[in-house]
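Read the structure below first, then the notes.
One is the number of the first residue; the rest follow in order along the sequence.
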Amino acid sequence: MAATDPEAAQRQREEIEALSSIYGDEWCAVDEDEKIFCIKISDCLEQPKWTLCLQVNLPPEYPTAAPPIYQLNASWLQGQEYEELANHLEDIYIQNLGESILYLWVEKIREVLIEKSQSCDSGPNIKKITEETDVEYEEDFSLEYQLLQEYTAATPNIDLPESQEGEELPPIFHGNPITDRRSTFQAHSAPVVSPKQVKSVLAELYKNKKIANATHNIYAYRIYCEDKQTFLQDCEDDGETAAGGRLLHLMQILNVRNVLVVVSRWYGGILLGPDRFKHINNCARNILVDQNYTSSSENLSKQPGKNRRIRKDKKKTEH
């Protein structure tokens with residue numbers, strides 16, 4: 001058995017948490033100890049014509065030095081279609097050596113299913129997925145939303161340069177809160193194109209006493225610099241272990257740009273363990289989807305993996 005690579009293990013954990021937040025009930029853990037996961041992919045959300053189950057087994061060396069071991073399960077998938085799809089996945093891996101690729105794999109498969117649906121007048125006459133490949137999802141991520149109390153004004157605790165006074169404040173949006181064992185999580189987002197706007201939005205949020213008194217205000221932002229064709233990005237844990245980095249990783253996987261996301265957590269007295277990261281990412285993903293920041297499957301063709309190649313701080317405690 002290969003020795004565990006700490007860096008690979010950490011990156012696997014972050015990718016799994018992000019994918020769970022992105023795909024919700026479509027994603028499930030078949031065997032967490034053996035790192036076997038499954039995602040159900042279809043050409044559309046309502047009345048899909050074509051569906052496929054991607055099962056992956058993540059070896060200890062993934063993603064730094066080895067690809068995932070995978071199976072493509074669909075009763076209609078065979079022969080040349082199977083080979084072509086497998087080649088697409090291999091190309092993506094070769095183009096992104098050392099990177100986390102599961103999101104690219106899933107969206108490429110979805111793109112293929114959409115193209116197949118558009119080229120056919122009707123779907124397959126046989127079951128889209130057999131009973132043997134159907135997976136019972138382990139978790140129901142649906143949570144009861146609870147309304148927070150009305151916000152009241154308080155003094156901001158962020159110092160801003162005088163030159164920012166009078167600048168137009170970007171619109172701020174508030175997501176639906178998630179409550180679990182008396183802890184409440186709520187995401188806030190705003191379009192931003194400069195670090196000054198990030199500071200101004202944070203200052204505005206802290207004018208709300210409810211937000212200012214949150215146990216943690218985790219945030220991350222990504223700003224695309226057109227002239228340099230690079231991203232300006234940063235994150236803040238605010239005392240919640242590695243939460244800012246995980247939030248930023250989710251935003252990178254979703255390929256969002258020019259947006260700030262803040263997730264407030266009000267601690268309820270009961271430790272949530274890893275579930276707190278799931279709620280933070282779910283809140284963030286929901287508001288990014290609601291505000292139309294997430295990329296469509298058509299944009300995937302602009303991402304790496306299209307060309308064929310020959311194979312070869314703050315205090316870190318939960319409270």
- [ ] Drop me the distance from Phe185's CZ to Ile280's CD1, to the nearest 0.5 angstrom.
- [x] 5.5 Å

Task: Ser183 side chain vs Gly268 backbone, donor-acceptor pair below 3.5 Å - done: yes

Open item on the list: With clusters defined by side-chain heavy atoms of hydrophobic residues (ILVMFWY) lying less than 4.5 Å apart, directly or transitively, does Ile69 cluster with Tyr93?
Closed with: no

Open item on the list: Please determine whether residues Val193 and Leu288 belong to a single hydrophobic cluster, defined as Ile, Leu, Val, Met, Phe, Trp and Tyr linked transitively by side-chain heavy-atom distances below 4.5 Å.
Closed with: no

Open item on the list: Suppose we screen for side-chain hydrogen bond (donor to acceptor under 3.5 Å, both in side chains). Which residues come up paired with Tyr221, at least two apart in sequence or across chains?
Closed with: none

Open item on the list: My understanding is that a hydrophobic cluster links ILVMFWY residues whose side chain heavy atoms are under 4.5 Å apart, including indirect links. Using that, what else belongs to the cluster containing Tyr224?
Closed with: Phe231

Open item on the list: Just so I know, are the side chains of Ile41 and Glu26 near enough to count as touching, which here means a heavy-atom distance under 4.5 Å?
Closed with: no

Task: Transitive ILVMFWY side-chain link Tyr82 to Val106, under 4.5 Å - done: yes

Task: Least distance between heavy atoms, Leu58 atom then Pro68 atom - done: CD2-CB, 3.9 Å

- [ ] Please check if Tyr219 and Leu248 belong to a single hydrophobic cluster, counting links between Ile, Leu, Val, Met, Phe, Trp and Tyr side chain heavy atoms closer than 4.5 Å.
- [x] no

Open item on the list: For Ala74 versus Thr51, what's the shortest heavy-atom pair and its separation?
Closed with: CB-O, 3.7 Å

Open item on the list: Under a 3.5 Å distance rule, please check whether Glu15 uses its side chain to pair with a backbone N or O of Leu102 as donor and acceptor.
Closed with: yes

Task: Set of residues satisfying side-chain hydrogen bond (donor to acceptor under 3.5 Å, both in side chains) with respect to Ser264, sequence neighbours excluded - done: His188, Asn217

Open item on the list: Under 4.0 Å between a side-chain nitrogen and a carboxylate oxygen: does that hold for Asp91 and Lys108?
Closed with: no

Task: Contact summary for Tyr70 and Ala86, nearest pair of heavy atoms - done: OH-CB, 3.4 Å

Open item on the list: So, taking the atom named CD1 in Ile22 and the one named CG in Leu254, what distance separates them when rounded to the nearest 0.5 Å?
Closed with: 4.0 Å

Open item on the list: Do Val262 and Leu202 make a side-chain contact, defined as non-hydrogen atoms from C-beta onward lying under 4.5 Å apart?
Closed with: yes

Task: Interatomic distance, Ile92 atom CD1 to Ile94 atom CD1 [nearest 0.5 angstrom] - done: 11.5 Å

Open item on the list: Salt bridge check, Glu7 against Arg11: does any charged N sit closer than 4.0 Å to a carboxylate O?
Closed with: yes

Open item on the list: Could you report the tightest heavy-atom contact between Asn258 and Tyr293, atom names first, then the distance?
Closed with: O-CE2, 3.9 Å

TODO: Would you give the length of the straight line joining atom OG of Ser42 to atom CH2 of Trp50, rounded to the nearest 0.5 angstrom?
DONE: 13.0 Å

- [ ] Please list, chain by chain and in numerical order, all residues satisfying salt bridge (charged side-chain N to carboxylate O under 4.0 Å, His left out) with Glu14, sequence neighbours excluded.
- [x] none

Task: Shortest non-hydrogen separation from Leu250 to Asn281 and the atoms involved - done: CD2-O, 3.5 Å

Task: Gap between atom OG of Ser20 and atom CZ of Phe37 - 0.5 Å precision - done: 9.5 Å

TODO: For residues Leu54 and Leu72, determine if any side-chain heavy atom of one lies less than 4.5 Å from a side-chain heavy atom of the other.
DONE: yes

Open item on the list: Contact between Glu111 and His88 at the side-chain level, heavy atoms closer than 4.5 Å - yes or no?
Closed with: no

Task: Atom pair CD1/CD of Ile114 and Glu107 - distance to nearest 0.5 Å - done: 8.0 Å

Open item on the list: Using the salt bridge (charged side-chain N to carboxylate O under 4.0 Å, His left out) criterion, which residues pair with Arg182? Sequence neighbours excluded.
Closed with: none

Task: Side-chain donor/acceptor of Ser117 to backbone N/O of Asp43, under 3.5 Å - done: no

- [ ] State, with a plain yes or no, whether a side-chain heavy atom of Ile39 is found less than 4.5 Å away from one of Leu19.
- [x] no

Open item on the list: Arg222 vs Asn255, test: side chain to side chain contact (heavy atoms under 4.5 Å, CB included). Steps then yes/no.
Closed with: CA-CA 9 Å; Arg222 301 188 81 217; Asn255 195 30; 4.2 Å; yes

Task: Residue pair His174 / Leu205, side-chain heavy-atom distance below 4.5 Å - done: yes

TODO: Give the intermediate values and the outcome of side chain to side chain contact (heavy atoms under 4.5 Å, CB included) for residues Met251 and Val259.
DONE: CA-CA 9 Å; Met251 296 170 69; Val259 61; 3.9 Å; yes

Open item on the list: Restricting to non-hydrogen atoms, name the atom on Gly244 and the atom on Asp237 that form the minimum distance, rounded to 0.1 Å.
Closed with: N-OD1, 2.8 Å

- [ ] Look only at the side chain of Asn96 and the backbone of Glu99, and say whether a donor-acceptor pair between them is shorter than 3.5 Å.
- [x] no

TODO: Could you check if a side-chain atom of Gln186 sits within less than 4.5 angstrom of a side-chain atom of Trp266, using non-hydrogen atoms only?
DONE: yes

Task: Verdict with reasoning, Ile109 to Leu89, per side chain to side chain contact (heavy atoms under 4.5 Å, CB included) - done: CA-CA 8 Å; Ile109 293 172; Leu89 302 189; 4.1 Å; yes

Task: Gln12 side chain to Tyr62 backbone, donor-acceptor under 3.5 Å - done: yes

- [ ] Apply salt bridge (charged side-chain N to carboxylate O under 4.0 Å, His left out) to Arg285 and list each qualifying residue two or more places apart in sequence or on a separate chain.
- [x] none

Open item on the list: Quick one, Lys116 and Glu81 - any side-chain contact, counting heavy atoms below 4.5 Å?
Closed with: yes

- [ ] State whether the side chain of Arg265 and the backbone N or O of His216 hold a donor-acceptor pair below 3.5 Å, judged by distance alone.
- [x] no

